[in-house]
2 protein chains.
Amino acid sequence: MGAVVLAPDGREIARASNEVEARQDPSAHAEILAMRAATAALGTRSLAGCTLVVTLEPCPMCASAMVHFRLGKVIFGAYDPKGGGVDHGPRIFEQPACLHRPEVIGGVCEQENARILRDFFITLRETRDS
Amino acid sequence: MGAVVLAPDGREIARASNEVEARQDPSAHAEILAMRAATAALGTRSLAGCTLVVTLEPCPMCASAMVHFRLGKVIFGAYDPKGGGVDHGPRIFEQPACLHRPEVIGGVCEQENARILRDFFITLRETRDS
């Protein structure tokens, strides 16, 4: 479960992983943390022209945050029919009132990303139960 | 623009105002900051049984965050037909896949809250332009 923000020239600006457990903060999804780190690194409030790459289809909270950050493009791996907010659920960027629509490329290396996610949650459960 | 989180007994746990400008962080809405402060203060990840009171109808990002925080109830002042995500736009809590639905009371002291918001944005523009 990780997200990377790339500058328009492809340079990496920031990366983050899901820290909900570590910070005990339900809003600490990888996408939010990576975008906050990226704007802090750039000294700006906008991620126009930047690309965020993430393992899983972003949830409605993260998709809506991408609107506020004016993110240029989001590329994600596995689709998330239950919790996704881009190609599922509220389809945030397709809402008529949505003020900014990042370009979206979904389902990239889907099998590989699904495997990474499975491993992440298995480890999480083992850590919790130990 | 402010949000307060109350414990089930009505005690104030945390409060925050919009810090998007101050932190140069587009995700630093009052609701997100107040909920993060509340879970930090409680030493838990859940705001079950807690109430968040906020000036304006929460946006889709903040409404979706309320789902992740498992907030008990949200009370807001002015409705936001353009940017709201509770009674407008994606109506986050009414989505079939929504995993948690806070109780919602909207439009409380609407005129008074609309005035507070107008004053906030006038001050913000004056600060920006000065």
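Throughout, protein chains are lettered first and strands after them, A, B, ... in sequence-line order, and every chain is numbered starting at 1. As the structure is a computational prediction, the values presented were derived from the model and not from experiment.
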**Prompt:** Contact part of B:T44 toward chain A, heavy-atom cut-off under 4.5 Å: side chain, backbone, both or neither?
**Reply:** backbone
**Asked** In terms of heavy-atom proximity below 4.5 Å to chain A, should B:V20 be classed as side chain, backbone, both, or neither?
**Response** both
**Asked** Is there a path from A:V54 to A:L6 through hydrophobic residues (I, L, V, M, F, W, Y) whose side chains come within less than 4.5 Å of each other?
**Response** no
**Prompt:** Given a strict heavy-atom distance threshold of 4.5 Å, which part of A:C59 is in contact with chain B: side chain, backbone, both, or neither?
**Reply:** side chain
**Message:** For A:E94, which atoms come within 4.5 Å of any heavy atom of chain B: side chain, backbone, both, or neither?
**Reply:** neither
**Item:** Heavy-atom proximity to chain B below 4.5 Å, by part of A:L47
**Value:** neither
**Fill in**
One should read off an interatomic distance between A:H29 NE2 and B:S27 OG, to the nearest 0.5 angstrom, of 12.5 Å
**Asked** Would B:F69 end up clustered with B:F93 when hydrophobic side chains under 4.5 Å apart are linked, directly or stepwise?
**Response** yes
**Message:** I'd like to verify something: which residue of A:R36, A:R91, A:R45, A:H68 has the highest number of heavy-atom pairs under 4.5 Å with chain B?
**Reply:** A:R45
**Fill in**
Under 4.5 Å to a heavy atom of chain B? For A:T39 that would be side chain
**Among the listed options A:P60, A:S64, A:P26, the residue most often paired with chain B at heavy-atom distances under 4.5 Å** = A:P26
**Asked** Is A:V67 reachable from B:L56 through a run of hydrophobic residues whose side-chain heavy atoms are each under 4.5 Å from the next?
**Response** no
**Item:** Interatomic distance, A:M61 atom CE to B:I32 atom CD1 [nearest 0.5 angstrom]
**Value:** 6.5 Å
**Asked** With the 4.5 Å side-chain cut-off for hydrophobic clustering, are B:V53 and B:V104 part of the same group?
**Response** no
**Path from B:V4 to B:I75 over hydrophobic side-chain contacts below 4.5 Å** = yes
**Request:** Against chain B, label A:Q95 side chain, backbone, both or neither, depending on which of its atoms sit under 4.5 Å from a heavy atom there.
**Result:** side chain
